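This is a predicted model, so every value here is computed, not measured. One-based numbering, in listed order, for ligands and for the atoms of each. The residues of the chain are indexed from 1 along the displayed sequence.
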Amino acid sequence: MNKELAQHELLAARRALYQDMQALHLSPLWESLHTLVPRQPTPDYEAALWRYEDVLPHLTRAGEVISAEEAVRRVLILENPGLKGSASITRSLYAGLQLILPGEIAPAHRHTQSALRFIVQGKGAYTAVDGERTMMQPGDFILTPAWAWHDHGNPGIDGSSEPVVWLDGLDIPTIRFFSSGFAENGDSASQPIARPEGRSFAAYGNNMAPVRHQHSGASSPIFNYPYERSREALETLRRQQEIDAWLGVKLRYVNPLNGGAPMPTIGACMQLLPAGFRGLPHRSTDGTVYSVVEGRGTAVIGGRRFDFAPRDTFVVPSWATLALEALEDAVLFSFSDRPVLEAIGQLREEFLPE
Ligand code: 1HN
């Protein structure tokens, strides 16, 4: 028998083996080893940008065709073009833009998925989390920790009211991965108020903590990190010339009780890029979602240019290089699964020379 024929028969025998194994749900590792253990991350989702200008008309139409009550949450999911049908913006995270119109209520419920809200437009809406309400202002970073009761409402302020839009970030795909999701609805649309507004921030938002009351739980006891404070911190630091060549001025939100991330599965940051900033490229294994608060500029993601403007959302995949450029002073909010990667020893980061 010649060598080629022998080879041909061997391949046929392999195919027959694979075929016969199928019914037993067995498959040969050696055919997929390299894909299973790549030399470096090969994310199956893409860099993408949603212009607020493009999304808003659809969100407005959604406001015309469905009430917040009927929808429960009136949200347009920002689905990664590489992950169609998955309701995911990265492999581990979900993002969506939520609209609540004047007078509407999004009813109380709770779930084991952790959520954040980043306020994009409008004033006069509140969110209630575990018995405490907070009014939401553009740029505020708000937490809904796992299993916390939460509802939203838009009563307006001083008789005037406007539509309010925010970016929701949830760890839905992570919880789906672990098949650990639970949810329940509240008894009433608005949960009972147990504490006056501002209690959590007064107790934990000033580099101090109550002496006798022990906060329990894996998430930060602060549930509204106001934009005013974050913006002022960035402004002070930039005036002192602490401009990082890769990140501009960048701060991460912390749980004041342990210095860690605000929630176990989601970390968040706010950064300022001074006008004219041309950042050096960097990459990390946490796929990251950005929301533009102020200023226009460009995110160069894996060599592709995405021009951004206020209220736009963009996503940077794991291990894709990101270089940020700002035409005007720009402020970017971002969130990612970084605390999970850190906890399991999977966070890698590189700051490249150019
Ligand atoms: C949710 O509870 C909210 O509370 C928003 O505003 C988006 C997406 C999926 C599941 C629950 C909210 C959500 C969500």
Side-chain angles (χ1 to χ4, degrees), residues 50 55 58-59 62-63 66-80 83-122 124-138 140-155 163-193 219 223-225 262-266 268 289 291 313 315 333 335 337:
W50 290 262
V55 176
H58 298 90
L59 201 49
I66 192 162
S67 68
E69 191 188 5
E70 192 189 347
V72 181
R73 300 294 187 261
R74 187 197 290 113
V75 183
L76 301 188
I77 301 171
L78 306 180
E79 189 173 70
N80 193 287
L83 299 174
K84 288 205 175 71
S86 71
S88 306
I89 191 160
T90 70
R91 261 297 159 199
S92 62
L93 296 170
Y94 156 104
L97 284 167
Q98 178 160 176
L99 167 69
I100 185 157
L101 293 169
E104 287 189 323
I105 286 175
H109 68 190
R110 62 175 177 175
H111 37 69
T112 52
Q113 289 81 1
S114 298
L116 67 82
R117 335 251 160 237
F118 185 70
I119 316 311
V120 168
Q121 184 172 29
Y126 66 82
T127 190
V129 179
D130 267 347
E132 186 176 329
R133 278 189 184 179
T134 184
M135 291 303 285
M136 305 188 280
Q137 316 276 350
D140 288 358
F141 166 51
I142 289 167
L143 310 187
T144 308
W147 211 233
W149 288 108
H150 56 286
D151 52 272
H152 322 297
N154 185 355
V164 174
V165 177
W166 63 79
L167 178 69
D168 287 313
L170 287 92
D171 58 7
I172 289 173
T174 305
I175 301 310
R176 190 195 292 146
F177 176 80
F178 290 115
S179 298
S180 58
F182 292 86
E184 60 187 39
N185 291 323
D187 293 331
S188 52
S190 302
Q191 63 181 292
I193 296 173
S219 294
F223 73 105
N224 186 349
Y225 294 76
M263 294 185 288
T265 50
I266 308 179
V289 179
S291 179
T313 311
V315 56
F333 168 80
F335 68 94
D337 55 7

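Residues satisfying the salt bridge (Lys or Arg N to Asp or Glu O under 4.0 Å) test with E69, not counting sequence neighbours, are none.
The distance from the OG1 atom of T134 to the CD1 atom of I142 is 5.5 Å, given to the nearest 0.5 Å. Here CD1 of I89 is found 12.0 Å from CG of L170. Values are rounded to the nearest 0.5 Å.
The 12-atom threshold is not exceeded at CZ of R91, counting heavy atoms of other residues, nucleotides or ligands nearer than 6.0 Å.
Protein residues are said to neighbour a ligand when one of their heavy atoms lies under 4.0 Å from it; for ligand 1 these are R73, Y94, Q98, H109, H111, R117, H150, H152, D168, L170, I172.
Taking the six-membered ring for Trp and thresholds of 30 and 60 degrees, H111 and H109 have ring planes more than 60 degrees apart, a perpendicular arrangement.
Side-chain contact annotation: W166 with D168, donor-acceptor N/O pair under 3.5 Å present.
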